[in-house]
Structure formats: structure tokens, C-alpha cells
There are 2 protein chains.
Amino acid sequence: MTAPRLLDVAAAAGVSRATASRVLAGTPRNVDPDLARRVEEAARRLGYRTNHSARALRTGTTGTVGVVVPSLANPYFVQLADAIAQQVRAAGGQLVVSDAANSPTIEAEQIETLLGGRVDGLLVVPVSAAASGAAVRAAAKRAPVVLFDRWARGSGTVAVTLDNAAAMRLLLDHLDALGRHRIALVAADQASSSGAERLAAFTAARGADATTVLLPSFTTDAGRTAGRRIAERRAEVDAVVCGADVLAVGLVSTLQRSAVPVPGEIAVTGFDDTEMLELLDPPITSIRHPLADMAERALALLQGPAADRTEQVERFAPQLVVRASTDADAHA
Amino acid sequence: MTAPRLLDVAAAAGVSRATASRVLAGTPRNVDPDLARRVEEAARRLGYRTNHSARALRTGTTGTVGVVVPSLANPYFVQLADAIAQQVRAAGGQLVVSDAANSPTIEAEQIETLLGGRVDGLLVVPVSAAASGAAVRAAAKRAPVVLFDRWARGSGTVAVTLDNAAAMRLLLDHLDALGRHRIALVAADQASSSGAERLAAFTAARGADATTVLLPSFTTDAGRTAGRRIAERRAEVDAVVCGADVLAVGLVSTLQRSAVPVPGEIAVTGFDDTEMLELLDPPITSIRHPLADMAERALALLQGPAADRTEQVERFAPQLVVRASTDADAHA
DNA sequence: GAGCCGTGGGAGATCGATCTCCCACACTGT
DNA sequence: ACAGTGTGGGAGATCGATCTCCCACGGCTC
């Protein structure tokens, strides 16, 4: 009743464990085709599965990549993890996803757990630009680590991110072209590099006295709070740029309940282009990340030489996706 | 530069590997407090981490539970995975989540991969009541497997699910009490046990000639298709029960664009009580699963004796969550 | 026909932590 | 003083797959 081992397969096929291993693991070594067939046949008949722990112990490699995201409650990170999973699976590996619950402490624990010999390398979307650096740096000394979508100061490793400044320019230019010039920013989570960069790019473009609403976290609830504040100041504003889709969702919902027409009176944009945006009324204009390209690059860096992982930030070009929330004809 | 091993810690502390292991793994054996301190001190100083593969190989246990869900694109399954993760983590374990991409074939592969010695037990939310059974049965012979949220025929193992019939009765009674009697069902994915049970319960209550819209899958896009069909038949209907929240979201969005007031003309209910429902306008009435209780029970079955895992279905009581989409005063 | 070489296959070591003995030593009671 | 008892600690075996040798054998050259 116990699981069959390689030894059992070898015995059934009348060969040694070494030969059975060569056949089943595909070691680069010629084996008599007839013996190979016998081994494969025996393995199938016995229902043999190679023991992952034993192989990992011997080879020192697990074929698994880990990714730690700030929170799976944010659908953007689900999409992000999925994009990575597809790349990993295409390369014959497996992906393990961990949730840091938006806490640098839990993030450090998750990194610690995964590095206990469970993964060959780690992608991290750091919770905080300041507070995540130390744990990442420590991890990067023990295994390949690449930051994804966000960077962290003092991480000691490379980051594959979006060009947030370019993205902000795309949004502002789009709104300006529509004749919307009184633009407010709803920004959240300045502790993260993406939150901070988006805020900085907005301020750089519109000046420090432009209307901004700062919120602690990227959640829909924060978006609703922002909605109330913007509704109060509706006279000063004809467009709102949100630092994340989840914010835009909460914002639009609250504006509509406050009888502020979107986009009639106020145009709204999101950030991240999560799938849910198309389903809202109105669908929301947003910024799309080239996640597949970013994932491919991040995995290449992870598996490549350590010398390519010096602390620096690689930025990928964003893409503007226009939807009804910034309709050209709606401006009063 | 190579990672420190237990041997190194033992040497640094001046004890044998056995003693070091007893201290660090917490084996039930008294060790001189002074030695224990020396070992822990040495481990900390060297930055020792126990090698997961080696421990797993020796003990035959990984401390990891796997869960295979139909699709992480459906936020309900993200919530479900999260509820399980919390329970697992509280018990000191780790959870690995796999996505079956709504395909029984991929589902079988994921199960196969996870069972290669990576997990101690597996929770599966089967894609299909008919097509998932075989793979689950095979898996259940090799490791503890418990079905979650859905069951599969011929699985050979226990399932922890919601009482879908009771949930449907809660919804129908609620709508009846509001004076809505011309109720339509939007059902999807009859291949899954939950889809089939919800449809069956509706038909049992309202008769086979009640309005039903059948869709292939639980997606928002399917919900929009349903919205168009319902809008065409608006004269025959004053309430729509959706078999999943994602359907309700797409449906409401489409009804509103077709100028059908919700809940003014048509009340709408969802199913699963995902978090996004509160953010819509109107927020949607739904059915809440007692996920924490279900997860706790499922894990207890997973770790308990195999005799408790005979093929049967355990059902948990649903809870009705009333929101504005079935507002009592809105009925024309 | 003797020595070489290339090729396929097997015996045994190995990865690192844990577990099973078994031993040494101190302490107790008679 | 000695046998009995209990307690802490160490040597070596073990988990299962892979890797490193090394051997056997058939074909080759000269």
C-alpha cells in the first residue's frame, strides 16, 4: 500500500535503480531503447511518481518559483500572479503564491518560509519601498530574488516595474486633450514605490497645489472615502485620476450615489487595467501593464547570472486603455 | 558561501547533530537548557534554516496543504482560498494554491503535480461533477483528499459543501416576501455540482416552466449575455436569481445600460457574497458561505482518519445577506 | 590474435535532517 | 558498596532519487 519507489520500478523492469533513473529523469545518457521501454512500462503499471523531496534534496533544485504579493484581495495582484504562473508553467515549472496581507512583517515571514528550500528563486512585489528592503536583501543573499512591479530601497536586487511616470503622463495628456484641465489625483499607499511614483509624477506635472486626496491603502473602501471628498469639491474638479483600479471602482460608485454624473461632470481613470473595469457602468479608462513581457523578463533575470541582478530598476512601457469613463463627448 | 547545515550548527555548539536536531525541531525530549541555548545561539549566528526537502524526505511529511480551485479569475475562489489559507496558517502549515483554468484536464495535471510529494493532503474544488471524479479518486488513493464547496461523482472521498437547496429557498422566500413572484433564474455551469444543485432547487420550487437562462460558465461576460436576454423579456420578470455573483454583476450592469431599473423594475440576487458586491450600485443581495467553518471542517477531515473520508456530502447552512438590489420599497 | 576504445549498465556514495537504538553517568534505596 | 533506575546525549541507519565512478562487453585496428 505504500507508494512505489524507484527501486520497485527497477526491480519490476529487471534493471538497476541507476538505469531506471536515467530513463525516467531523462538524464543525458544513452540507454538501450528496449530497456527504456521496459522501465517506462513498469513505471506506468506501478503508478510510479518521483518523490519530489528526494529529488530536491539530491539535486538541490525544486523546479518551483515563489511569488509574494501584497494582497490577493486586490484583483490586480491576482492577474499579476496569473501572468507569472503562465510563464512559469510554459517553462515546465511550478509557481507558489504567497499573500503578505499588506504587512512588511508578514511579508518577511513568507519570504523566510519559501526560502527554506522550497523554491529555486523568488519574485517579490514589495509591500513598502522603505520597510521591505531589509528582508529582501537578506533573502537575496541566499537565493535569486527579483522584485516585480515595485521596488524597495536597499533591496540589493533588480526590479522589473512599470514606467509609472510615463503612465501618469499618458493619463494627463489624454484628459487634457479632452478639455479636462481641473484634474484631481486620488493616491493611495505612498509607502509603496508605485504609489509614491504616481503621486510624484502627478505633482511634477500639475504643481504642488493641484487637488490631491491621499489615502492609506489600495482598497475599494478607500476609494469610497475619496468619492465623498471629491463630491464635496465637485465645483473645483472635472476629472479624477486614481492611483489604482480598486480606488476608481469605489470612487465612481460613491460619485454616482451622490448624483455626480460620470463622465458627464467628472471623468475618472483607474490604474492597472483589471478585468472588472469593463463590467462597470461606465467602464473605466485605465493603464495596462505589459505583464506577460514583464514576467518573462523577471524570470529570465531570476534564472540568469547573479551579476545581472544588481540593484536597479527596469521600467516597461505602459499602455493607455480608453473607456467610457473618459468619453470625449460627455464633457459638459 | 554554501548554506549552513545542521552539522555546522552542531559543530559550532559543540554537540552532535542529534542534539541539535532535538533542540531546533522541538522533538519531545528533554535537553539540558544550557546546551539548548548554545544550539539556538549557534543557529542564529550562522543563519541556519532547516532544509525543507531533507526534513520532508525523512519524516514523510511536508507541512503543506494544497488546494486546487477551478479559476482564480472568479473572486469567490480567491476568497475561498484565503479562508483556507488562514486556517492552515493558524495551524502552522502552508497552503499552495493551484488554478485548474476551468478544465478537468488541467485540473488532473495540477492534482498530479501536487501529489508528487509536495503536499500532505489536498483540497479540491472540482471543476465538474462528472469529469473530475476519476482524477480525484486516483489521487485519494495516494494521499488524503477532501472536496470543498463542490462534489464530484465517483470521487471516493468526502465533500464539504454549502446546502445549495436551502440557499435557493432563502432567496426565493425573500423575494416572495417582497411581493416578487415572477422570478427568473440565471444559471451557469451545470457541469459543476453547485450549478446543478442551484438549478435543480429552483426548478423544484418554481416548476419546470419558470423562466431560466442557462449559460456555460460562471463569468461576468456570461452575466452580460443573460442581461440582454432578461431585458428582452422584462415584461415577464420582476426578479432574477443569479447562480453566482459574477453573473449578477454582469447582469445588473447590462440591465442598467438597457434602462431597466434595478431594483425598481427587476430585483437581482447574487450567490457567494464576494466582497465586490458592496461596491456596486446598487449593492447586490447574496448568499454567504460559512467559509471559515467549512475550511476548519475540511482540514479536520483531511488530517483525521481515512475512515471519515468515505464518499458523502456534508452540507453547511447558508446565510442570506440582504442589500439594495432587493430593496423592499423599490417594487413598482 | 592481442590490445584499445567506446558504450551501456551497475554498485555504492551522497544530499541533510531525523529516528532508533544504546551507552554513560548520576542518583536512589537497601 | 552495589544493583537498579532514569535521564541526557551520541553513533549510525534511514528516507528516495541521483551522480560518480568503474566494469563488462563487443567491435576495431594493426
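Residue numbering restarts at 1 for every chain, and letters A, B, ... go by the order of the sequence lines.
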How would you label the contact of Ala25(A) with the nucleic acid (heavy atoms, under 4.0 Å): base, sugar-phosphate, or nothing? sugar-phosphate
Does Arg17(A) place a side-chain N or O at less than 4.0 Å from the phosphate oxygens OP1/OP2 of dA17(D)? no
Rounded interatomic separation in angstrom, taking CG from Leu7(B) and P from dA11(D): 11 Å
Where the side chain of Arg5(B) is concerned, which of dA17(C), dG16(D), dG9(C) is the nearest nucleotide? dA17(C)
So does Glu40(A) pair up with Arg45(A), basic N to acidic O under 4.0 Å? no
So does Thr19(A) get a side-chain nitrogen or oxygen closer than 4.0 Å to the phosphate oxygens (OP1/OP2) of dG10(C)? yes
Can Glu112(A) and Arg142(A) be counted as an ion pair, charged N to O under 4.0 angstrom? yes
Does atom CD (Glu314(B)) have a neighbourhood of more than 12 heavy atoms from anything else shown, all under 6.0 Å? yes
Just the rounded figure in Å: distance from P of dG8(C) to CG of Asp34(A). 14 Å
Expressed as a whole number of angstroms, how long is the span from Asp32(A):CG to dC25(D):P? 16 Å
Ignoring backbone atoms, establish whether Tyr48(A) has a side-chain N or O less than 4.0 Å from OP1 or OP2 of dG16(D). no
What contact category does Leu35(A) fall into here, base, sugar-phosphate, or nothing, at under 4.0 angstrom with non-hydrogen atoms? sugar-phosphate
When you check the phosphate oxygens OP1 and OP2 of dT14(C), does a side-chain N or O of Arg58(A) lie under 4.0 Å from one of them? no
Establish, with yes or no, whether the OP1 or OP2 oxygen of dG8(D) is under 4.0 angstrom from a side-chain nitrogen or oxygen of Asn30(B). yes
Glu311(B) CD: over 12 foreign heavy atoms closer than 6.0 Å: yes
Please report the distance, rounded to the nearest Å, between CZ in Arg49(B) and P in dG16(C). 17 Å
5′-ward residue of the pair Ser16(B)/Thr59(B) relative to DNA chain D: Ser16(B)
Classify the side chain of Arg55(B) and the base of dT18(C) as holding, or not holding, a donor-acceptor pair under 3.5 Å. no
Considering only heavy atoms from C-beta outward, does the side chain of Tyr76(A) approach that of Asp149(A) to under 4.5 Å? yes
Ala18(B) or Ser53(B): which one's nearest nucleotide on DNA chain C is closer to the 5' end? Ser53(B)
Answer with yes or no whether Arg22(B) presents, from its side chain, a donor or acceptor under 3.5 Å of a partner atom in the base of dG10(D). yes
Taking atom P of dA17(D) as reference, at what distance in whole Å does atom CG of Leu57(B) sit? 9 Å
Using whole Å, what does the distance between atom C1' of nucleotide dG10(D) and atom CG of Leu6(B) come to? 13 Å
